Visitor: 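Handing you a structure now.
The figures that follow rest on heavy atoms only: side chains count, while hydrogens, waters and symmetry mates do not. From a predicted model like this one, the values you see are computed outputs, not experimental measurements. Each ligand, and each atom within it, is numbered from 1 in the order the structure gives. One is the number of the first residue; the rest follow in order along the sequence.
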Amino acid sequence: MAALRARAVLLTGSNRGIGLELVKQLLGGPRPPAWIFATCRDPEGPRAQELRDLVSRHPNLVLVKLDVADPSAIINAVKIVEGKLNGAGLNLLINNAGICAPVTLETVDSEEMIRAYKTNAVGPLLMAQAFLPLLKKAARESTDKGLSCSKAAIINISTIMGSIEKTSESFFKPVISYRCSKAALNMLTKCQALTYEETGILCVALHPGWVKTDMGTQEADLTADTSVRGLLSVLPILSEKHSGSLLNWEGKAIPW
Ligand code: NDP
């Protein structure tokens, strides 16, 4: 099986759930990246304790404060990452941070819609804009042909709940603001793929499955371990033929 050879990886929302598990498995993988930038909203707070413990044992893991709903925090994070990379590029940006509120068409309001869009769609858009120079640098530095996650990639962690075609299968959970914001993230992924292809950057949306996390609840099908093992086995096989599509944690295509 192909291995992920990304030298520098950045993840959002990495203090718990799928993000934290991605950090753990990247650190424990056969070829750990030289740099893993694990970002979260409150690196000093109680919810980042596990991440801080990992940082104390892994010199290649850097904890960076980042709220994806705060444009100035994104700019600050770029400066920190740039400093650490010392002239090198960023290979892989994983936009994982997300929020989901249990709202229906009856109960949702404009504040909740805007909150969901800011985190789930606008955040990933601004992250890609801000980290684009570092991603382009990684693409230029690479001798690999075609597009890949080892070269330069934006992975947007989306959901099947954002698929318009699949809505009727899961509409027993309306989560209106979540669905609409993730559908926007899916559209963003396609637009990014079309725009960034010529600069050598792969853009894919991945659905991690229904996962036992605070968001997914303990009723979910998959453990974070299984989901992330799947996601990390999909990343190395992604190429230009997948750019601009939505795939699940097993690499199967999901219709928009
Ligand atoms: P969790 O609720 O367990 O974790 C969410 C993470 O996102 C936390 O680290 C949280 O940080 C962070 N976060 C939320 N808002 C922001 C923000 N504004 N800036 C930075 N970080 C933020 O969710 P999961 O781990 O389950 O979900 C991860 C991703 O996977 C999400 O994008 C979600 O939509 C997607 N997904 C999950 C599924 C599931 O079944 N679990 C199914 C399909 C998709 P904090 O601790 O500070 O709140």
Side-chain angles (χ1 to χ4, degrees), residues 10-25 37-52 54 63-77 93-102 112 114-127 130-131 154-163 166-167 169-170 173 175-186 188-189 204-228 230-232 234 246-250 252 254:
L10 184 142
L11 308 98
T12 62
S14 46
N15 57 308
R16 60 191 171 98
I18 294 167
L20 179 63
E21 188 61 30
L22 277 165
V23 171
K24 287 182 185 167
Q25 291 193 25
F37 298 99
T39 76
C40 68
R41 287 198 273 205
D42 184 15
E44 311 296 331
R47 284 218 288 231
Q49 185 59 52
E50 228 181 313
L51 206 46
R52 287 198 298 275
L54 286 171
L63 189 43
V64 181
K65 184 177 169 70
L66 174 56
D67 180 337
V68 300
D70 176 357
S72 64
I74 295 178
I75 301 304
N76 287 338
L93 165 62
I94 304 181
N95 284 312
N96 163 75
I99 52 171
C100 177
E112 168 48 31
I114 289 165
R115 193 162 38 240
Y117 269 83
K118 268 192 168 171
T119 302
N120 297 346
V122 181
L125 165 75
L126 298 182
M127 286 293 293
F131 283 94
I154 298 166
I155 298 296
N156 293 323
I157 302 295
S158 188
T159 167
I160 200 165
M161 302 275 230
S163 161
K166 290 278 180 185
T167 305
E169 291 173 26
S170 60
K173 271 195 180 175
V175 289
I176 295 299
S177 52
Y178 183 64
R179 282 178 191 280
C180 293
S181 60
K182 290 287 190 174
L185 178 65
N186 290 347
L188 173 70
T189 308
V204 167
L206 288 181
H207 165 57
W210 186 23
V211 189
K212 294 182 201 295
T213 62
D214 295 339
M215 185 188 291
T217 76
Q218 288 309 306
E219 285 169 50
D221 298 328
L222 302 173
T223 61
D225 176 77
T226 305
S227 164
V228 168
L231 293 171
L232 290 181
V234 170
L246 170 64
L247 306 174
N248 74 5
W249 81 106
E250 294 175 307
K252 293 191 185 125
I254 298 174

Visitor: Any N/O of Pro208 closer than 3.5 Å to an N/O of ligand 1?
Guide: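 No.
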
Visitor: Hey, what do you get for CD1 (Ile154) to CG (Leu10), rounding to the nearest 0.5 Å?
Guide: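 Going from the CD1 atom of Ile154 to the CG atom of Leu10 covers 11.5 Å.
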
Visitor: So is there a nitrogen or oxygen of His207 less than 3.5 Å from a nitrogen or oxygen in ligand 1?
Guide: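 For ligand 1, there is no N or O atom that lies under 3.5 Å from one belonging to His207.
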
Visitor: What heavy-atom pair brings Ala69 and Pro71 nearest, and what distance separates the two atoms?
Guide: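 Heavy-atom minimum between the residues: O-CD, 3.6 Å.
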
Visitor: Is any side-chain heavy atom of Thr226 less than 4.5 Å from a side-chain heavy atom of Asp221?
Guide: no

Visitor: About how many Å separate CG of Leu246 and CD1 of Ile160, when rounded to the nearest 0.5 Å?
Guide: 7.5 Å

Visitor: Does ligand 1 have any atom that is closer than 4.0 Å to a heavy atom of Asn15?
Guide: yes

Visitor: Which residue and atom name correspond to the protein heavy atom nearest atom 41 (N) of ligand 1, and how close is it?
Guide: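 I find the closest protein heavy atom is Thr213 OG1, 3.1 Å.
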
Visitor: Taking heavy atoms and a distance under 4.0 Å, where does Lys182 meet ligand 1: side chain, backbone, both or neither?
Guide: side chain

Visitor: Please list the nearest protein heavy atom to atom 22 (C) of ligand 1 with its residue and the distance rounded to 0.1 Å.
Guide: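 Result for atom 22 (C) of ligand 1: Ala97 CB, 3.5 Å.
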
Visitor: Using heavy atoms and a threshold below 4.0 Å, how should the contact between Val68 and ligand 1 be classified: side chain, backbone, both, or neither?
Guide: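 Both backbone and side chain.
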
Visitor: Can you list the atoms of ligand 1 that are under 4.0 Å from a heavy atom of Gly13?
Guide: 6 (C), 7 (O), 9 (O), 12 (C), 21 (N)

Visitor: Counting neighbours of NZ on Lys166 that are heavy atoms of other residues, nucleotides or ligands and sit closer than 6.0 Å, is the number greater than 12?
Guide: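 At most 12 heavy atoms, drawn from other residues, nucleotides or ligands, come within 6.0 Å of this atom.
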
Visitor: Have a look at Asn96, Asp42, Ile157 and point out the one with the heavy atom closest to atom 31 (C) of ligand 1.
Guide: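 Nearest heavy atom to atom 31 (C) of ligand 1 lies in Asn96.
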
Visitor: Minimum distance, heavy atoms only, to atom 27 (O) of ligand 1: which one of Ile18, Leu185, Ile74 is it?
Guide: Ile18

Visitor: Heavy-atom contact check, 4.0 Å cutoff: does Gly209 meet ligand 1?
Guide: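 It does, in that a heavy atom of Gly209 comes within the 4.0 Å cut-off of ligand 1.
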
Visitor: Would you call Arg115 and Lys118 a side-chain contact if the rule is heavy atoms closer than 4.5 Å?
Guide: no

Visitor: Heavy atoms only, cut-off 4.0 Å: how does Met215 contact ligand 1, side chain, backbone, both, or neither?
Guide: both

Visitor: Within ligand 1, which atoms have a heavy atom of Thr159 less than 4.0 Å away?
Guide: 43 (C), 44 (C)

Visitor: What distance do Cys100 atom SG and Met161 atom CE have between them, rounded to the nearest 0.5 Å?
Guide: 6.5 Å

Visitor: Pull out every atom of ligand 1 sitting under 4.0 Å from any heavy atom of Tyr178, numbered as shown with elements.
Guide: 33 (C), 34 (O), 35 (C), 36 (N), 43 (C), 44 (C)

Visitor: Run the numbers for me: atoms of ligand 1, each under 4.0 Å from some heavy atom of Gly17, listed by number.
Guide: 3 (O), 25 (O)

Visitor: Rounded to the nearest 0.5 Å, what separates atom CG in Leu231 from atom CD1 in Ile18?
Guide: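 If I round to the nearest 0.5 Å, the distance is 7.0 Å.
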
Visitor: Just to be sure I read this right, does ligand 1 sit under 4.0 Å from the backbone of Ile99, its side chain, both, or neither, counting only heavy atoms?
Guide: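 Within the 4.0 Å criterion, Ile99 contacts ligand 1 through side-chain atoms alone.
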
Visitor: Any side-chain heavy atom of Val211 within less than 4.5 Å of one from Trp249?
Guide: no

Visitor: Pick, from Glu21, Glu219, Arg41, the option with the minimum heavy-atom distance to atom 48 (O) of ligand 1.
Guide: Arg41

Visitor: Among all protein non-hydrogen atoms, which one is nearest to atom 40 (O) of ligand 1, and what is the separation to 0.1 Å?
Guide: Val211 N, 2.7 Å

Visitor: If the contact criterion is a heavy-atom separation under 4.0 Å, does Thr39 count as touching ligand 1?
Guide: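 So Thr39 does not count as touching ligand 1.
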
Visitor: Side chains of Tyr117 and Cys180, heavy atoms from C-beta outward: is any pair under 4.5 Å?
Guide: yes

Visitor: Picking from Thr12, Leu66, Asp67, what satisfies side-chain contact (heavy atoms from CB on, under 4.5 Å) with Ile74?
Guide: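 So the option named by the test is Leu66.
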
Visitor: Non-hydrogen atoms of Thr12 versus ligand 1: any pair closer than 4.0 Å?
Guide: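 Checking ligand 1 against Thr12, which is what was asked, there is no heavy-atom contact under 4.0 Å.
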
Visitor: If hydrogens are left out, which of Ala220, Gly98, Gly216 has an atom nearest to atom 5 (C) of ligand 1, that is, the closest non-hydrogen atom?
Guide: Gly98

Visitor: Is there at least one pair of N or O atoms, one from Arg16 and one from ligand 1, spaced under 3.5 Å apart?
Guide: yes

Visitor: Identify, by atom number and element, the atoms of ligand 1 in contact range of Thr119, meaning under 4.0 Å from any of its heavy atoms.
Guide: 15 (N), 16 (C), 18 (N)

Visitor: With the side chain counted from C-beta on, respond yes when Asp42 and Arg47 share a heavy-atom pair under 4.5 Å apart, and no when they do not.
Guide: no

Visitor: For Ser158, state whether at least one heavy atom is located under 4.0 Å from any atom of ligand 1.
Guide: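 Yes, Ser158 has heavy atoms under 4.0 Å from ligand 1.
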
Visitor: Find the distance between CG (Asp70) and NZ (Lys65) and round it off to the nearest 0.5 Å.
Guide: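 NZ of Lys65 is found 9.0 Å from CG of Asp70.
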
Visitor: Would you say CD of Glu250 has more than 12 non-hydrogen atoms from neighbouring residues, nucleotides or ligands within 6.0 angstrom?
Guide: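 Yes, the 6.0 Å shell around CD holds more than 12 heavy atoms from other groups.
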
Visitor: Is any N or O atom of Gly19, backbone or side chain, closer than 3.5 Å to an N or O atom of ligand 1?
Guide: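 No, there is no polar N/O contact under 3.5 Å.
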
Visitor: Tell me, do Ile157 and Pro208 make a side-chain contact under 4.5 Å, heavy atoms counted?
Guide: yes

Visitor: For Trp210, take its heavy atoms, then give the atoms of ligand 1 lying under 4.0 Å from any of them.
Guide: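 Once the distances to Trp210 are compared, the set is 40 (O).
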
Visitor: Which atoms of ligand 1 have any heavy atom of Asp214 under 4.0 Å away?
Guide: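 Ligand 1 atoms under the 4.0 Å threshold to Asp214: 3 (O).
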
Visitor: Nearest 0.5 Å, please: how far is CG in Asn248 from CH2 in Trp210?
Guide: 16.0 Å

Visitor: Return the residue, atom name and 0.1 Å-rounded distance of the protein heavy atom closest to atom 18 (N) of ligand 1.
Guide: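 Result: Asp67 OD1, 2.9 Å.
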
